[in-house]
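Each remark here refers to the structure printed beneath this line.
Given the structure is predicted, the values throughout are model-derived calculations rather than measurements.
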Amino acid sequence: MVSVGDSDFQGVIDGLRAEFGFDFIALSLIAATEQPVLTWQYASGNLNNRYKRIVLASGRGIAGIIYKTGRALLLADVNREIPADEMREYPIIIAEGLGSLAAVPLWKGDDIRGILLAGFRYVNGVDDMLLQKLIEYLPQKFSAYSVDAVQTGQTGSRIERADDERPVYELMTHRVLEAQEMERRRISRELHDGLAQEILGVQMILRESKYLDSAEEKDWHVTRAIESLNSILDEVRRMAVELRPSSLDNLGLTATLAAHTAWVSNSFGVRVQFESDI
């Protein structure tokens, strides 16, 4: 177990950057709350102060991934290991123009209470050996936290690498990203093939009513348009519920699942038996 600490954090990371020659170091301290907010409170070698505006949830961004997995992360070539269209999910990399980095969880007992990120603005600046040296050096500078070799995933010459040598980033997030992409495609189809077509239909009804002379015919067209808009409104509400049911926040997971299974049963005539033991 390696000890790491609690005083003069700015001075500590400034010293670490000078000792190892890192281009950039950031430190996130995490409060002991049920749903902590992850921010970078300290930075050394930063290009600007954008890091102060970064707020992450568990599982999002570098800090979020470390907090969720409890393991160190090494990215030798950021552009190779993170697809370009997903780079926006990692604002600290964009803000500081990092090309390679390593991030380590800092523990207090069984809980992660800090995350240390160190990197270079060029690729292949960080490797397993440098990360190991950094971890071994930490006890000289800190005292209240700990870095455990097993907890951080230091089990060999590589950190959390699979036999197929896929990047750490890909191994940890592939399934999540795949599900996100499928959901985006589904929503896109619904918007294009469903709502867009229905709105176009209302537009045609209203445009046609402009050229009608009979008040009765105009009223009939307006009534059709209102009915169509009500249908569209119901569809928008349905999509909103599917994306994020309000009951999930107000009533919790159990009640939300119970309501959903009841909806499935009523909508499709399928008998659903729901049991919960959370």
#### Entry: Chi angles and distances behind the side-chain contact (heavy atoms from CB on, under 4.5 Å) call for E227, T223
CA-CA 6 Å; E227 290 174 351; T223 300; 3.8 Å; yes
### Task
Verify, without hydrogens or angle tests, whether S28 (side chain) and G114 (backbone) share a donor-acceptor contact under 3.5 angstrom.
no
### Task
Assess whether atom NE2 of H221 is packed by more than 12 heavy atoms of other residues, nucleotides or ligands within 6.0 Å.
yes
### Query
Going from CG on L195 to CG on L200, what distance comes out if it is rounded to the nearest 0.5 angstrom?
12.5 Å
### Task
State, with a plain yes or no, whether a side-chain heavy atom of S100 is found less than 4.5 Å away from one of N124.
no
### Query
Looking at CZ of F20 and CG of L134, how far apart are the two atoms once the value is rounded to the nearest 0.5 Å?
5.0 Å
### Minimum heavy-atom distance L16-F22, with the two atoms named
O-CD1, 4.3 Å
### Task
Check R17 against D23 and note the closest heavy-atom contact, atom names and distance.
CD-O, 3.8 Å
### Query
Just wondering, do V104 and L131 contact through their side chains at under 4.5 Å, heavy atoms?
yes
### Task
Indicate yes or no: at least one non-hydrogen side-chain atom of D213 is less than 4.5 angstrom from one of K218.
no
### Task
For atom CD of E216, decide whether the heavy atoms of other residues, nucleotides or ligands shown that lie under 6.0 angstrom number more than 12.
no
### Task
Give a yes or no on whether the backbone of R185 and the side-chain of S188 come within a donor-acceptor separation of less than 3.5 Å.
no
### Message
Using every non-hydrogen atom in the two residues, find where A118 and V126 come nearest and quote the distance to one decimal.
### Response
O-CG2, 4.3 Å
### Summary
Nearest heavy-atom approach of W107 to G70 is CZ2-O, 3.6 Å
### Query
P105 versus R71: any side-chain heavy-atom pair under 4.5 Å?
no
### Message
Check this for me: does any side-chain nitrogen of one of R237 and D234 sit under 4.0 Å from a carboxylate oxygen of the other?
### Response
yes
### Query
How many angstroms lie between atom CG of L29 and atom CD1 of I112, to the nearest 0.5 angstrom?
13.0 Å
### Task
Side-chain contact test, heavy atoms from C-beta onward, threshold under 4.5 Å: evaluate it for R121 versus L47 and give yes or no.
yes
### R50 atom CZ, over 12 foreign heavy atoms within 6.0 Å
no
### Message
Quick check: do Y90 and L75 have side-chain heavy atoms less than 4.5 Å from each other?
### Response
no
### Query
Is V264 linked to L253 within one hydrophobic cluster, defined over Ile, Leu, Val, Met, Phe, Trp and Tyr using a side-chain heavy-atom separation of less than 4.5 Å?
no
#### Entry: Heavy-atom side-chain contact between I25 and Y42 under 4.5 Å
no
### Query
Can you check whether E208 reaches M204 side chain to side chain, under 4.5 Å on heavy atoms?
no
